[in-house]
There are 4 protein chains.
Amino acid sequence: MRTVIGVMGGGVADEATRALAYEVGALIAAEGWVLLNGGRDCGVMAASAAGAASAGGLVVGVLPDDDFSGVAAGVDIAIPTGMGDARNVINILASHVVIALPGGAGTLSEVAHALKAGRPVVVVGWDPGEALRAAGGSRLTRVDSAADAIAAAKRFLGEPRARSRVTH
Amino acid sequence: MRTVIGVMGGGVADEATRALAYEVGALIAAEGWVLLNGGRDCGVMAASAAGAASAGGLVVGVLPDDDFSGVAAGVDIAIPTGMGDARNVINILASHVVIALPGGAGTLSEVAHALKAGRPVVVVGWDPGEALRAAGGSRLTRVDSAADAIAAAKRFLGEPRARSRVTH
Amino acid sequence: MRTVIGVMGGGVADEATRALAYEVGALIAAEGWVLLNGGRDCGVMAASAAGAASAGGLVVGVLPDDDFSGVAAGVDIAIPTGMGDARNVINILASHVVIALPGGAGTLSEVAHALKAGRPVVVVGWDPGEALRAAGGSRLTRVDSAADAIAAAKRFLGEPRARSRVTH
Amino acid sequence: MRTVIGVMGGGVADEATRALAYEVGALIAAEGWVLLNGGRDCGVMAASAAGAASAGGLVVGVLPDDDFSGVAAGVDIAIPTGMGDARNVINILASHVVIALPGGAGTLSEVAHALKAGRPVVVVGWDPGEALRAAGGSRLTRVDSAADAIAAAKRFLGEPRARSRVTH
């Protein structure tokens, strides 16, 4: 089974965030990991997919819509879900580690779901706030660069597999 | 169509939070609104259902599991989903206004999904953090008592229906 | 907890089917049961909701879309899911007994999911085919009238609660 | 974007069905297509994954559970969903063509969802019944061997992309 790293972040993103997403994607591919994201042709999704594709990586896009339209160029395997934002839960469940770039409410929902499900989260270049940091404890770490995000993901992958689901 | 108010909050909750949830539930029922929550027999779910039931209100519980077990005593209509935390998305989509009591990662995911979907959020007695407050803008308000939560919900209900879904 | 009877059937339905759906809805309400359906303003959904409403019953509509638009007139509590046809699974999990009127692929998916999840199915006035009948065994029964459908639902409600989920 | 072929069928399967699933999986891999299935370590899922793996193919498993346990040996990319049978909808939405081997209620739900969503279905070695055949029309075809299933899938892939979602 391949190691899958989820890359989350805004569907609308400024140039610096897109550049960061591209770099994260390229580094994930260089590690031989599969990159999984929300699959749409915009923002962090498109940029991280392009980065991974540029480095020959495999990209899975889990789409909110029920067809294959609107998928980002670098996506190899599109997974339409027809479930709207409920697909955010799948994004994080399918990731061994989640790397969260700057985003809005959707990205915050993914950080929250990841922590609830016991998936480790690497937050790159922003602050999800005290409440999410407290919910994450040692399962959430903050870094400032793509290289540090990859290093943090490696550390999490070396730990025992995500604790079992918290049911409260 | 009945007005539905979602009450979110921790599955584990201290006595003060459970008392607040009970009071919010009773006041929702007194307004003639339907109370919707996550349906489980613990924490804010059980306490808010009990409060609404004490005032003769109707309670809908949207359960993460695929059967009717583990439902809170005050729930009139149980909706098992078998979808785990993806049911959090349904919790907020089915609510005209979301009232969020203190909770953990699950509650934070619900606040985030509500803001993404354009549902107004009344946060009672805690701080979801700068990132979620920024994502919410005027669609998120913070209050400190059950009575103020009801007043805030009324103001939101008087506004034009939730803006259309933000797709980024 | 209230008894919930799911009424499934085509979003497009001929006059005879709509009349049957209306009668089934009215009889469900007369029993004091909650009627649950797919909530949309068409076909069996609209007709069964109207029938239940005519008899003072409570109607829950579990919608495929993520907002409250397009809901049938008789629905009291709308549950938008934003999950498209995945909401069919919720329709049946939330029903103590499923009554299936004539329909197409969507209705067939609901009969199949009901049998998989151990919910009893009353098929009224049509034949779901040998494969589904075989999958259902004694948990699927066929009748020809609204009155017989109610009688069959009563028999199923008197049996021990649905067997645990089959996981293959 | 890679072509994805969904292989559905029983979690419990006799030896002939497992042999058929293995052969279908191997032929899908030989075409350079990605095989997608329900990912669990049993029945048609395990056999088709093993067949594809034996031919060097890429296998995606969309799991009903919320973790990576219980995944079949040949699966390269596991997608836990935590959504139980609602993941059946994702199985078919993510497939350009669905190949359905003998199965029970779960497989029948997938055939039904595929037809509802406009995905073509190749039924191999069994009869889903008159109701599903009628719902499928020319989008459902029946064949008797793995080789014929691949030929039918090729024909469907050559047709204009699946018609837009039917909303009734």
Side-chain angles (χ1 to χ4, degrees), chain B residues 1-6 32-37 39 41 49 53 57-84 86-97 113-114 116-119 157 161-167, chain C residues 1-6 32-37 39 41 49 53 57-84 86-97 113-114 116-119 157 161-167:
Chain B
M1 200 169 70
R2 303 278 302 270
T3 294
V4 176
I5 306 295
W33 298 332
V34 174
L35 185 150
L36 182 147
N37 66 24
D41 192 21
L58 190 67
V59 179
V60 177
V62 180
L63 296 158
D65 296 323
D66 60 5
D67 60 28
F68 296 94
S69 64
V71 65
V75 170
D76 297 291
I77 300 172
I79 312 273
T81 65
M83 291 186 181
R87 75 84 150 81
N88 294 8
V89 176
I90 302 173
N91 284 352
I92 65 89
L93 289 175
S95 300
H96 293 99
V97 174
H113 281 299
K116 180 83 185 298
R119 298 294 185 279
L157 291 171
R161 185 55 55 80
R163 64 165 188 254
S164 58
R165 179 193 186 76
V166 179
T167 55
Chain C
M1 199 169 70
R2 303 278 303 271
T3 294
V4 175
I5 306 295
W33 298 331
V34 174
L35 185 151
L36 182 146
N37 66 23
D41 192 20
L58 190 67
V59 179
V60 176
V62 180
L63 296 158
D65 296 323
D66 61 5
D67 61 28
F68 296 94
S69 63
V71 65
V75 171
D76 296 292
I77 300 173
I79 312 274
T81 66
M83 290 186 181
R87 76 82 151 81
N88 294 8
V89 177
I90 302 173
N91 285 352
I92 66 88
L93 289 176
S95 300
H96 293 99
V97 175
H113 282 299
K116 180 84 185 298
R119 299 293 185 279
L157 289 172
R161 183 57 54 82
R163 63 164 190 256
S164 58
R165 179 197 189 74
V166 180
T167 55

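Worth saying up front: this structure is predicted, and the values here are computed from it rather than measured. Convention: sequence-line order gives letters A, B, ...; per-chain numbering from 1.
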Is it the backbone or the side chain of [X] that comes under 4.5 Å from a heavy atom of chain B, or both, or neither?
{"X": "C/Leu58", "result": "side chain"}
{"X": "C/Val34", "result": "side chain"}
{"X": "C/Val60", "result": "side chain"}
{"X": "C/Ser95", "result": "backbone"}
{"X": "C/Leu63", "result": "neither"}

Between atom [atom1] of [X] and atom [atom2] of [Y], what is the distance when rounded to the nearest 0.5 Å?
{"X": "B/Ile79", "Y": "C/Asn91", "atom1": "CD1", "atom2": "CG", "answer": "9.0 Å"}
{"X": "B/Asp67", "Y": "C/Arg119", "atom1": "CG", "atom2": "CZ", "answer": "7.0 Å"}
{"X": "C/Asp66", "Y": "B/Lys116", "atom1": "CG", "atom2": "NZ", "answer": "10.0 Å"}

If one checks every heavy atom of B/Val59 against chain C at 4.5 Å, the contacting part turns out to be neither

C/Ile90 and B/Pro80 have their tightest heavy-atom pair at CG2-O, 4.0 Å

Note: C/Met1 and B/Ala78 closest approach over all heavy atoms is SD-CB, 3.5 Å

